[in-house]
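Structure first, commentary second.
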There are 2 protein chains.
Amino acid sequence: MSRIELSPSKQRLRLWLKLLRLTRGVEAELRERLRVNYGATLPRFDVMAALFRADEARADHGLTMTELSRALMVSNGNVTGIIERLVEDGFVQRRPDETDRRTTFVQLTEAGKAAFQDMAKAHEGWVNDLLSPLAPAEVDHLIEVLNAHRAARTTPE
Amino acid sequence: MSRIELSPSKQRLRLWLKLLRLTRGVEAELRERLRVNYGATLPRFDVMAALFRADEARADHGLTMTELSRALMVSNGNVTGIIERLVEDGFVQRRPDETDRRTTFVQLTEAGKAAFQDMAKAHEGWVNDLLSPLAPAEVDHLIEVLNAHRAARTTPE
DNA sequence: TGCAGAAATTTTAAGTTTGAAATTTTAGGC
DNA sequence: GCCTAAAATTTCAAACTTAAAATTTCTGCA
């Protein structure tokens with residue numbers, strides 16, 4: 001069971017490949033379940049989740065397209081298409097900014113909120129299921145480690 | 001700094017969102033650097049990595065399309081397109097299976113191997129850089145945890 | 001042998017994703 | 001008040017991705 005000593009660099013690479021494998025596997029399973037149970041896609045779910053969270057935080061005017069693309073870490077052009085299809089389905093509505101005509105606010109409709117809450121409940125259960133091999137103590141520890149990582153990345157000075 | 005006690009289910013969801021954020025951020029950075037420095041894309045790099053690894057393990061006939069799609073956890077139709085473009089660029093060649101005409105073997109050309117080794121060296125450095133906030137001991141620990149996770153997922157009985 | 005079903009792959013349609021270019025609007029300096 | 005730069009968004013072309021259908025080939029069995 002002993003393992004050959006690897007350089008820190010090679011170990012980080014090994015970790016990266018494992019992380020990628022884990023997230024791809026979980027994502028594939030979540031996508032499949034969203035599709036089968038709700039006819040939804042992962043990107044749409046992600047967008048709706050961001051809008052729902054924003055709505056909880058400040059139930060006023062939703063998010064701008066730019067806030068949305070930053071929150072999801074995807075390109076701005078990408079968000080345009082996904083929102084377009086969500087609007088077609090009646091889950092999202094656009095609202096112009098009265099004071100800045102460049103900006104468009106986007107928010108969930110009531111139908112969108114209801115649909116999201118439905119999916120989110122199931123989604124939480126699925127994630128819990130798929131990550132169930134990780135004991136709660138491990139989960140807490142991992143969150144700590146990742147918090148530290150994020151702090152280090154976002155505070156270069 | 002104290003945090004409200006969350007249910008195991010909510011904690012796993014929190015971990016999942018953090019993991020997603022980490023991997024998306026690292027992937028975005030890797031994609032950008034591959035593009036700028038090598039004019040390559042992440043999917044192409046992944047495919048070449050799988051083929052290179054296969055070539056090291058058994059330097060005979062490469063991988064079949066099915067082996068490739070399973071190794072990368074992507075759909076079979078997906079691999080077809082990526083391989084097509086890699087063939088056009090002279091990095092990959094197809095070879096028919098003599099005994100089974102349904103099967104196509106795929107392997108890196110010499111140019112493909114050289115190009116990959118170049119990128120792989122840089123890629124390892126980038127990953128090391130992007131994950132550098134994680135100390136070697138943490139990296140080892142995380143690998144352990146993920147190994148256990150994988151074992152639990154793949155051994156249901 | 002003949003044939004039903006499985007297996008490997010490609011094709012197709014729809015959606016996602018990116019990076020860059022184009023468009024529209026705003027802000028700030030002069 | 002103009003004019004250039006910045007900001008928000010959309011458009012565009014190319015690539016990636018999936019699930020499902022179609023194609024080709026093989027396998028096993030009656």
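Residue numbering restarts at 1 for every chain, and letters A, B, ... go by the order of the sequence lines.
To the nearest angstrom, C1' of D:dA19 lies 16 Å from CG of A:N37. Here D:dC16 presents its C1' atom at 17 Å from CZ of B:F45, a figure rounded to the nearest Å. Nucleotide D:dT17 holds its C1' atom 15 Å from the CG atom of A:D46, rounded to whole Å. Atom CE of B:M65 and atom P of D:dT18 are 13 Å apart (whole Å). Atom CG in A:L63 sits about 10 Å away from atom P in D:dT9, given to the nearest Å. Rounded to whole angstrom, the span from the CZ atom of A:R95 across to the P atom of D:dA8 amounts to 17 Å. Computed from coordinates, the A:L34 CG to D:dA19 C1' distance equals 15 Å when rounded to whole Å. The separation between A:R31 atom CZ and D:dA20 atom P is 13 Å, rounded to whole Å.
Here the two rings, on A:F116 and A:F91, have centers that are 6.0 Å apart or farther.
Scanning both residues, A:T109 and A:G90, for their nearest heavy atoms gives OG1-O, 2.7 Å.
At a threshold of 4.0 angstrom between heavy atoms, the contacts of A:E32 are confined to the sugar-phosphate backbone, with no base atom among them. Among the atoms of the strands shown, only primed sugar atoms or phosphate atoms (P, OP1, OP2) are found under 4.0 Å from some heavy atom of A:R44. Within the nucleic acid shown, B:S69 has no heavy atom closer than 4.0 Å to any nucleic acid atom. Heavy atoms of B:R94 sit under 4.0 angstrom from primed sugar atoms or phosphate atoms, though from no base atom.
Comment: A:R14 does not engage B:D140 in a salt bridge, judged by the lack of any side-chain N to carboxylate O separation of less than 4.0 angstrom. Taking a cutoff of 4.0 Å between a charged side-chain nitrogen and a carboxylate oxygen, A:R31 and A:E27 do not qualify as a salt bridge. Of the charged side-chain nitrogens involved, none lies within less than 4.0 Å of a carboxylate oxygen, so that B:D129 and A:R12 do not count as a salt-bridged pair. Under a 4.0 Å N-O distance rule, the pair B:D97/B:R102 does not qualify as a salt bridge. Ionic pairing of A:R85 and A:E88 is not present here: no N-O contact between side-chain nitrogen and carboxylate oxygen is shorter than 4.0 angstrom. Ion pair B:E56/B:R53 not flagged as a salt bridge, since none of the NZ, NE, NH1 or NH2 atoms sits closer than 4.0 Å to an Asp/Glu carboxylate oxygen.
Extent of DNA chain C lying under 4.0 Å from chain A heavy atoms, first and last nucleotide in 5' to 3' order, is C:dG15 to C:dT26.
Near DNA chain C, meaning a heavy atom under 4.0 Å away, the residues from residues 75-91 of chain A are A:S75, A:G77, A:N78, A:I82, A:R85.
In terms of position along DNA chain D, the nucleotide closest to A:D100 lies nearer the 5' end than the nucleotide closest to the other residue of the pair A:D100 and A:A28.
The shortest distance between side-chain heavy atoms of B:L63 and B:F105 does not fall below 4.5 Å.
Taking 4.0 angstrom as the limit, B:T103 places none of its side-chain polar atoms (N or O) nearer than this to OP1 or OP2 of D:dT25. Residue A:T66 places at least one side-chain N or O closer than 4.0 Å to OP1 or OP2 of D:dT9. Contact annotation: B:R101 side-chain N/O to D:dC26 OP1/OP2 distance is under 4.0 Å.
Counting non-hydrogen atoms of other residues, nucleotides and ligands closer than 6.0 Å to CZ of B:R95 gives a total above 12.
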